[in-house]
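These notes are about the structure you will find just below.
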Amino acid sequence: LWPWLLASSGLSALVQLVSLPFFPDSPSCLLIQKGNEEACRKAIRKLWGEGDHQAEIDDIMKEKGAMASTKTLRVLEVIKERSLRWQLYILMTVITTLQLCGINAIYFYSFEVFNTAKFEEYLIPYMSLGVGLCECLSSILCSTIIDRFGRKVLLWGGYTLMCSVLVLLTMTLSLQHRFFWMHYFSVVLIFLFVIFYGMGP
């Protein structure tokens, strides 16, 4: 079954590959980068139907004018630019914390935790699959609530809850030889960590 599960990810890629030529080009790309207004109007009609879409075209033209008056900076120029310094720091902090938040360790050691919890060996791969499914579902949930709470709240909340779960997980893994129920608590914490990761960072 596992080879089929792994191969199933190629199915979505195949669907995209076959259907992509039938998708219209981005109207903003056609107008801003290629300068083809007629193709832009055609793409808009294909996307939004017949009607007067002059307001949308005017917005794209304003964006084109704003981009024309903005200088394109190279990487070193972005680093040296004082006005972009704080944005650069924030971006680097978010990316660094995302890489070091512990999600890779959780995925790497989850199999061992499930095995220590005395689950049947044939069930462990499906539990690992459930962990990935939790991340997928929590990411979908995040996309529905991000407009309501804002990115900053989700980031702070996600990282705070993830830190709390990691502290508890460290304790449960250290005490798992003393109390038999600690194994199951560790499994619950792994699922919670993945859910908080999907909803936050």
Side-chain angles (χ1 to χ4, degrees), residues 4-101 103-104 107 129 131-159 162 194-201:
W4 289 104
L5 284 173
L6 288 173
S8 64
S9 60
L11 183 62
S12 61
L14 181 63
V15 170
Q16 292 181 45
L17 186 65
V18 172
S19 59
L20 196 59
F22 301 100
F23 289 165
D25 289 326
S26 166
S28 58
C29 174
L30 289 169
L31 189 57
I32 295 174
Q33 295 182 6
K34 297 183 178 179
N36 192 338
E37 187 172 341
E38 184 56 37
C40 172
R41 290 180 184 275
K42 187 177 178 182
I44 287 176
R45 285 195 298 269
K46 194 170 182 180
L47 286 168
W48 299 324
E50 296 294 334
D52 185 17
H53 302 292
Q54 189 58 43
E56 288 82 0
I57 293 175
D58 291 341
D59 287 340
I60 296 173
M61 290 299 291
K62 288 178 185 177
E63 184 183 347
K64 183 179 181 180
M67 288 177 66
S69 61
T70 304
K71 181 186 175 185
T72 304
L73 298 176
R74 297 180 180 179
V75 176
L76 287 176
E77 292 174 333
V78 170
I79 294 172
K80 292 177 182 178
E81 182 63 43
R82 283 181 173 269
S83 62
L84 300 175
R85 196 70 53 83
W86 275 110
Q87 293 93 318
L88 191 61
Y89 289 156
I90 292 170
L91 180 64
M92 289 174 63
T93 302
V94 170
I95 296 299
T96 303
T97 52
L98 188 63
Q99 291 298 316
L100 302 176
C101 68
I103 188 66
N104 294 325
Y107 275 122
L129 191 64
V131 171
L133 185 62
C134 276
E135 182 181 352
C136 180
L137 293 176
S138 59
S139 298
I140 294 172
L141 177 62
C142 175
S143 65
T144 61
I145 64 175
I146 191 169
D147 290 331
R148 184 173 181 180
F149 295 103
R151 185 68 176 154
K152 190 174 181 181
V153 172
L154 291 180
L155 277 173
W156 276 107
Y159 279 124
M162 286 164 62
V194 172
I195 289 171
F196 296 147
Y197 172 81
M199 292 180 62

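Only a predicted model underlies this, so the values are computations on that prediction, with no experimental measurement involved.
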inquiry  = Minimum heavy-atom separation for Glu56 and Trp48, please, with both atom names.
reply    = CG-CZ3, 3.6 Å

note = By side-chain hydrogen bond (donor to acceptor under 3.5 Å, both in side chains), Asp58 pairs with (sequence neighbours left out) Gln54

From NZ (Lys80) to CZ (Arg85), nearest 0.5 Å = 11.0 Å

inquiry  = Does Leu154 form a side chain to side chain contact (heavy atoms under 4.5 Å, CB included) with Phe196? I'd like the steps, not just the answer.
reply    = CA-CA 9 Å; Leu154 291 180; Phe196 296 147; over 6 Å; no

note = Residue set satisfying side-chain hydrogen bond (donor to acceptor under 3.5 Å, both in side chains) with Ser83, at least two apart, ordered chain then number -> Glu81

message = Measuring only between side-chain heavy atoms, which start at C-beta, is Tyr159 closer than 4.5 Å to Leu98?
response = yes

Pairwise side-chain contact, Val78 with Arg74, heavy-atom cut-off 4.5 Å (strictly under) = no

message = Ile95: which residues meet the side-chain contact (heavy atoms from CB on, under 4.5 Å) condition with it, sequence neighbours left out?
response = Leu91

remark   = Between Ile103 and Val194 the two heavy atoms that sit nearest each other are CD1-CG2, 4.2 Å

task = Scan for side chain to side chain donor-acceptor pair (under 3.5 Å) pairs involving residues 131-145, sequence neighbours excluded, and state none if there are none.
result = Tyr107-Glu135

note = Rounded to the nearest 0.5 Å, the CE atom of Met92 sits from the OG1 atom of Thr97 at a distance of 11.5 Å

key: Atom pair CG (Asp59) and NZ (Lys62), whose distance is rounded to the nearest 0.5 Å   = 5.5 Å

task = Compare every heavy atom of Gln99 with every heavy atom of Asn104, then report the nearest pair and how far apart it is.
result = ND2-O, 4.3 Å

Enumerate donor-acceptor pairs with a distance under 3.5 Å from any side-chain N or O in residues 16-34 to protein atoms, sequence neighbours excluded.
unit_1, atom_1, unit_2, atom_2, d
Ser19, OG, Val15, O, 2.7
Ser26, OG, Ser28, OG, 3.0

task = State which residues pass salt bridge (charged side-chain N to carboxylate O under 4.0 Å, His left out) with Glu37; sequence neighbours excluded, sorted by chain then number.
result = Arg41

